[in-house]
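One structure is given here, and the rest of the page talks about it.
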Number of protein chains: 2
Amino acid sequence: MATLRDVARLAGVDPSTVSRVVNGDQDLVIKEETRQRILKAVETLGYRPNAIARSLRLQRTRTIGLLVPDICNPFFPEVIRGAEAVASEAGYHVIFGNTDDDPAKERRFIDTLLAARCDGLILATAMTRDQTIEYLSEQGLPFVLVNRYTLGTDHYVVTDNLQAGREAVAHLIELGHRRIAHLAGPLFTDTGLSRLQGYRTALREAGITFHSAYVEECDFKEASGYEGARRLLQLDPRPTAIFAANDLIAIGVYRAAAEAGLRIPDDLSVVGHNDIPAATYLHPQLTTIRVPLNEMGRSSARLLVELIERGEATETPVVLKTELVVRGSTAPPRE
Amino acid sequence: MATLRDVARLAGVDPSTVSRVVNGDQDLVIKEETRQRILKAVETLGYRPNAIARSLRLQRTRTIGLLVPDICNPFFPEVIRGAEAVASEAGYHVIFGNTDDDPAKERRFIDTLLAARCDGLILATAMTRDQTIEYLSEQGLPFVLVNRYTLGTDHYVVTDNLQAGREAVAHLIELGHRRIAHLAGPLFTDTGLSRLQGYRTALREAGITFHSAYVEECDFKEASGYEGARRLLQLDPRPTAIFAANDLIAIGVYRAAAEAGLRIPDDLSVVGHNDIPAATYLHPQLTTIRVPLNEMGRSSARLLVELIERGEATETPVVLKTELVVRGSTAPPRE
DNA sequence: CCCACACAGTCAAACGATTTCACGGGGGTG
DNA sequence: CACCCCCGTGAAATCGTTTGACTGTGTGGG
């Protein structure tokens, strides 16, 4: 592969001149004819600047890291897509990694990214310990948190999970439900906790007493949603509605309801959270909270690029709006 | 951030000696005491070899590119996960990119990866023109194709789509179906075409005549599956079973069937392809062809790493086994 | 006549590692 | 005693760019 020197030799000029021409240096005074000669040499040799050499010289790689716990969780593909699109447009490559919510794996990955001298990091990992945040701050590497808030940084992109939970449950109450259960996410996550608080807030505002038996903790996956729902549906009196902390859990509820011979929404109303594509694949389609997943990804990349290039971000943190999408899975209770 | 020189200065040795110690050079003869002194210096300074400088010197980046058409298609997350896991274990970073099946975008992305001097490429893009393959071969960059076969390279990881289609349809025939329709994938894709051929093969083997009215071409997405199914279900006589070219299309069939008041599997049997997670979220759960998605990703990364490091691969191409998974969406036809 | 300045580039030193070759001193061999 | 080898390390080239400082003409003004 041709280098700057090769091009210079062919064009009969100094490598530095080629560099300036290729990079469009404004201060360079050069005869149009020489310019053309250089450009032609670039063309014939198929010259492509070596990004590695450039990175070494410039002390920046135009590369960012993107860590997610598990790309197979349908929450993340959209986020990744948005982030990659913005990064790509801004001229950055995205190095991608799965952490499986394993702090050791996360740490290892960050270390290799540090060695690769990447310019910044997007962390979409729910479980990230503040240890990681501290470590990152120490290293002086710009980073942005997605769907997670923590002390120690203002650079994060979130939605108002409490408000979303409150709105979801208020919708059920408005339909006439009183016995509303909640399948919570892991309570060590910010999102799981806030949605539970939203649930409690809505109940309180409607003057409905909170029963801890109506809350089961799940892990944001379908299987645990199914398990949790089975337990809830055996309760007496049985809840007439369930607010699931995410759509995957809600899908588990559908399965449990079908097995128990309960029809949605006639016998049981269900609300989810996130509005993943699968929410509309269900029958009936799932009432849920729409989260602008793609926009979360885009915002986080925008924020990070700004942080890298200007050293500070204009608007941060970013709090995005969610919206209740009413579909077929919610209806007034029978009775 | 500390450099080799800093460490050398602190330990009172030459940078080259530090390099040898850090890289565990076998030929190096060194006093244990000096070794320890160097290691201690590395520790105190928090020295981390600069991968950029190393890449420049070594002419390899330990980075591979991974191109998919659309990460939001549930086929890909598992593949990506598998590939990333293997790459990571082998000490490679994965640069990820969405092409949206846009050849221009794909080309741009490859060009930036070429500039970044990545060591190899995994292409999971269905639409890839042979132009791209040619270009890549010209550049001498090792690459592996996933879920796609083409002339001009032996390095690909696939499943036998024809056989899978044949098996899916044979299952329906065995249940007693005769009026079997097919919602095909895009016929410019290898996978779409092969599954259609499998469908035709199974019909032929059973002595059932092929009706082109029973085949609709879709684009592997839920919406077009829905549209296609609506058309098929208006046919007279109506098909009693549909083989969908992928699970997303099958999900569209569920929606169309529900709207038409048809029950699955009583009034209509459905078979999909891929066994994405959503296949089990449906009610009834979808009978489908299980594709080892994760293993496809793993194999492709293994193949690529071997190609990069040894210059050739031991077993290539890789053809993985698929398996019919019978669930609740198929049953004998009523009548 | 001399200085300043525009022009058209060139020179050389980084950036941070790796690796080949060389070297000085000590010990063993003939 | 001369020679050689081995040990432990050092010097220097190299990878491909970028960039601040510089050079050597020619032209114009005072």
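Closest approach to the A:T17 side chain among C:dG9, D:dG16, D:dA21 is made by C:dG9 (side chain taken as heavy atoms from C-beta onward).
Atoms CZ (A:R5) and C1' (D:dA13) sit 12 Å apart, rounded to a whole Å. Rounded to whole Å, atom P of D:dG20 lies 9 Å from atom CG of A:D27. A:E32 has its CD atom 15 Å from the C1' atom of C:dC7, to the nearest Å. Spacing between atom CE of A:M1 and atom C1' of D:dC15 amounts to 15 Å, rounded to whole angstrom units. Spacing between atom CZ of B:R9 and atom P of D:dG10 amounts to 14 Å, rounded to whole angstrom units. For the pair A:R20 CZ and D:dC22 C1', the interatomic distance rounds to 11 Å; values are reported in whole Å. Rounded to an integer number of Å, the gap from CG of A:L58 to C1' of C:dA14 is 12 Å. As a whole-Å value, the separation of B:E33 CD from D:dG8 C1' is 12 Å.
Between A:R302 and A:E295, at least one side-chain nitrogen of the basic residue sits less than 4.0 Å from a carboxylate oxygen of the acidic one, meeting the salt-bridge criterion. Salt bridge annotation for A:D100-B:R81: present, with a cationic side-chain nitrogen under 4.0 angstrom from a carboxylate oxygen. With respect to the salt-bridge test (charged N to carboxylate O, under 4.0 angstrom), the residues A:D111 and A:R108 do not qualify.
In this structure, B:Y156 and B:Y149 have perpendicular ring planes: the angle between them is above 60°, well past the 30° mark.
The residue A:D25 sits apart from the nucleic acid: no heavy atom pair falls under 4.0 Å. Within 4.0 Å of A:L4, counting heavy atoms only, lies at least one base atom of the nucleic acid. Residue-level contact check: A:T3 touches the backbone only, with heavy atoms under 4.0 Å from sugar-phosphate atoms and none from bases.
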Residue pair A:R54, A:R62: steps toward the side chain to side chain contact (heavy atoms under 4.5 Å, CB included) verdict:
CA-CA 10 Å; A:R54 184 179 270 170; A:R62 302 201 77 89; over 6 Å; no
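Contact between the side-chain N/O atoms of A:T34 and the OP1/OP2 oxygens of C:dA8 is not found at any separation under 4.0 Å. The phosphate of D:dT14 has neither OP1 nor OP2 within less than 4.0 Å of any side-chain N or O from B:Q59.
Take the nearest nucleotide of DNA chain D for B:R117 and for B:K31: the residue whose nucleotide is more 5' is B:K31. Position along DNA chain C of the nearest nucleotide to B:S16 versus A:G12 favours A:G12 as the more 5'-ward residue.
Each of A:I122, A:L113, A:V146, A:I95 was scored for a side-chain contact (heavy atoms from CB on, under 4.5 Å) with A:L67, with one residue passing: A:L113. Only one option out of A:E32, A:K40, A:E33 pairs with A:Q36 in a side-chain hydrogen bond (donor to acceptor under 3.5 Å, both in side chains); it is A:E32.
Heavy-atom distances under 4.0 Å link DNA chain D to A:Y47, A:R48, A:P49, A:N50, A:A53, A:R54, A:R57 of residues 36-57 of chain A, given in residue order.
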